[in-house]
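Scroll down for the structure; my scribbles are underneath it.
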Amino acid sequence: MKKTLTLIAAIIFAATMAKAETQTSELNSGNTDQAMLEEHNTLVSAPAESSEKDAKYWANALASRLKVTGYAQAGYTATMPKEGDNKNTFDMKRVILMVGAEITPQFYAFFMHEFKNNAMQEYYMEYRPCKAFNLRFGQSKIELSMENPMSPTVLESITPMSQGVFWLCGADPLMNNACGRDLGLMAYGDLFNNKLRYVVEILNGGQINTADKNNQKNVVAKLEYKPVPNFRVSASGQKGYGYSVNTSAYNTTVGKNETYRQDRYSFGMEWKSKVTGTDYHKNRCAMVRSELIGGKDGGCKSFGAYVSSAIPVYKGLDIVAMADYMNYNTDAGMKKTNLMAGVQYWIFKKCRLQAQYSYSVKSDAMKAVEGDNLSTVLTQLQVAF
């Protein structure tokens, strides 16, 4: 039986091959009509054409849905304390790559990777059914204050943030989250013809890329009002609990590995001489931004305030200045004021050169923790696309 089946299979295979050779010979010798020849050519070319069309479709779909952006900031820093050794160094500030994906008109995904520290900074997905209501789940900038959600590519200071915003959005050693980001759920939207913007967040209240260590969440709420397109006022606050990953010389009321009360508030305003776009070279304008921000961590209260400005003077050249005050512990009087003045030159779109001088004035209590008053010279090259 096995031999019979093998013989039948061999005969079928031989007959099939013979028929194929006969058809090929006829086609090559011109013994068939034009219709058969066209049918044969269509069958041969169809897979290749289909594959090419599929490749073009997916390439166009990918290009229309993905947007890749990024920036790098590097410069030179010289620190000159009133007493002590001077220091200077060339330094790399940030190297960022961002990818936004418009999955559908309602679903959007975003990823941000920081190459200097080799860490994923942001990753989230948004559901956008309408302007008035949007949902975001993932890790992104905390919406406390006006300044924290802003990119370093647009901030005036090379530092780049004010002391109070930087500290209370995560740089405090108790939190050790200097990037000002957290993981959680956000609802936001624009109302009344985009004049009023609201944000509500439920966050872990800890470090990035980690699970919550105290199982208690923080709530952040924010309102921004634009009576006119080039002026906005903002109020935001936070209620919740933090988990200390370190001790802090600025706050002795909280020890390491403790859950502690963590509350925040901020009020701010920003005025621009005209409405601006994303081409910072072409859309330069006079700007003033100011905020008050304060908080309580355990039994330690802190308070900060700043005023920052930029004024165009010639083509791509701006003068920038900032006065920045922070009391890291109001009971202990740990005060520091940074005064900064400098220039920035916008080379093209988001690319610029910056040069700044700042002087830090410290209270005696602050000097005991950080050392004497300090002069700093900073330069920075920003390349962005």
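These figures come from a predicted structure and were not determined experimentally. Along the sequence shown, residues carry numbers from 1.
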Check your understanding: Applying the 4.5 Å side-chain criterion to the ILVMFWY set and letting contacts propagate, would Val95 and Leu97 be lumped into a single cluster?
Key -> yes

Practice item. Any chance you could measure Ile96, atom CD1, to Met98, atom CE, to the nearest 0.5 Å? Key: 7.0 Å

Point to revise | Parallel, tilted or perpendicular: rings of Trp167 and Tyr328 (30°, 60°) | key: perpendicular

**Study point:** Nearest atoms (heavy-atom pairs only) where Thr330 meets Phe303
**Key:** CG2-N, 4.4 Å

Check your understanding: Should we say atom CZ of Phe115 is surrounded by more than 12 heavy atoms from elsewhere, each under 6.0 Å from it?
Key -> yes

Review point. Cation-pi between Arg261 and Tyr241: NZ/CZ under 6.0 Å from ring centre and within 45° of the ring axis?
Key: yes

Exercise for review: Before accepting this row, confirm whether a basic side-chain N of the pair Lys87/Asp85 lies closer than 4.0 Å to the acidic partner's carboxylate O.
Suggested key: no

Check your understanding: Is Asp364 reaching over with its side chain to a backbone N or O of Ala368, donor-acceptor style, under 3.5 angstrom?
Key -> no

Point to revise | Lys226 atom NZ: more than 12 heavy-atom contacts under 6.0 Å | key: no

Review point. Do other residues, nucleotides or ligands put more than 12 heavy atoms under 6.0 Å from the CG atom of Leu353?
Key: yes

Point to revise | Cluster overlap Tyr359 with Leu374, hydrophobic side-chain contacts below 4.5 Å | key: no

Point to revise | Within the 6.0 Å centroid threshold, strictly below: Tyr123 and Phe111 | key: no

Study note, to complete from the structure: Here the gap from Asn204 atom CG to Leu185 atom CG, rounded to the nearest 0.5 Å, amounts to 11.5 Å

Check your understanding: With hydrophobic residues grouped by side-chain heavy-atom distances under 4.5 Å, do Met80 and Val361 end up in a single group?
Key -> yes

**Study point:** Sole residue of Gln163, Lys82, Lys336 in side chain to side chain contact (heavy atoms under 4.5 Å, CB included) with Ser360
**Key:** Lys336

Review point. Between Met366 and Lys335, is any pair of side-chain heavy atoms under 4.5 Å apart?
Key: no

Exercise for review: Assess whether atom OH of Tyr357 is packed by more than 12 heavy atoms of other residues, nucleotides or ligands within 6.0 Å.
Suggested key: yes

Exercise for review: May I ask you to decide if the ring planes of Phe110 and Tyr108 are parallel, tilted or perpendicular, using 30° and 60° as cut-offs?
Suggested key: parallel

Practice item. Before accepting this row, confirm whether a basic side-chain N of the pair Lys349/Asp279 lies closer than 4.0 Å to the acidic partner's carboxylate O. Key: no

Practice item. Check Val369 against Ala249 and note the closest heavy-atom contact, atom names and distance. Key: CG1-CB, 4.1 Å

Point to revise | Side chain to side chain, Asn214 and Glu258, heavy atoms closer than 4.5 Å | key: no

Exercise for review: Identify which one of Met125, Arg128, Glu126 satisfies the side chain to side chain contact (heavy atoms under 4.5 Å, CB included) criterion when paired with Arg136.
Suggested key: Glu126

Check your understanding: Would you say Lys301 has more than 12 foreign heavy atoms packed within less than 6.0 Å of its NZ?
Key -> no

Check your understanding: In this structure, are over 12 heavy atoms from other groups packed under 6.0 Å from Tyr314 atom OH?
Key -> no

Point to revise | Met287 CE to Trp271 CH2 distance, which is reported to the nearest 0.5 Å | key: 10.0 Å

Practice item. Determine the minimum heavy-atom distance between Ser145 and Val165, stating which atoms define it. Key: OG-CG1, 3.5 Å

Check your understanding: When the ring centroid of Phe107 is compared with that of Tyr127, is the distance short of 6.0 Å?
Key -> yes

Review point. Do side-chain atoms of Glu291 reach the backbone of Met146 as a donor and acceptor pair under 3.5 angstrom?
Key: yes

Point to revise | Short side-chain to backbone donor-acceptor contact, Tyr198 and Ala132, under 3.5 Å | key: yes

Check your understanding: According to a 4.5 Å side-chain heavy-atom criterion applied to Ile, Leu, Val, Met, Phe, Trp and Tyr, with indirect links allowed, do Val199 and Val220 form part of one hydrophobic cluster?
Key -> no

Side-chain donor/acceptor pairs under 3.5 Å, residues 340-347, sequence neighbours excluded:
unit_1: Gln344; atom_1: OE1; unit_2: Arg352; atom_2: NH1; d: 2.8
unit_1: Gln344; atom_1: NE2; unit_2: Asp318; atom_2: OD2; d: 3.2
unit_1: Trp346; atom_1: NE1; unit_2: Asp318; atom_2: OD2; d: 3.0

Check your understanding: Of Gln382, Gln356, Gln73, which meets side chain to side chain contact (heavy atoms under 4.5 Å, CB included) against Ile158?
Key -> Gln356

Check your understanding: Has the side chain of Asn148 got a donor or acceptor atom that lies under 3.5 Å from a matching backbone atom of Glu143?
Key -> no

Check your understanding: At what distance, to the nearest 0.5 angstrom, does CG of Asn329 lie from SG of Cys300?
Key -> 3.5 Å

Practice item. Would you name the heavy atoms of Gly333 and Ser363 that are closest together and state the gap between them? Key: O-OG, 2.7 Å

Review point. Is it true that Lys222 and Glu224 make a salt bridge, defined as a side-chain N closer than 4.0 Å to a carboxylate O?
Key: yes

Review point. Would Met334 end up clustered with Tyr325 when hydrophobic side chains under 4.5 Å apart are linked, directly or stepwise?
Key: no

**Study point:** side chain to side chain contact (heavy atoms under 4.5 Å, CB included) assessment of Phe385 paired with Val383
**Key:** CA-CA 7 Å; Phe385 63 93; Val383 179; 5.9 Å; no

Check your understanding: Taking atom types as modelled, is there a side-chain donor on Glu370 or Tyr250 under 3.5 Å from an acceptor on the other?
Key -> yes

Point to revise | Basic-acidic side-chain contact under 4.0 Å: Arg65, Glu102 | key: no

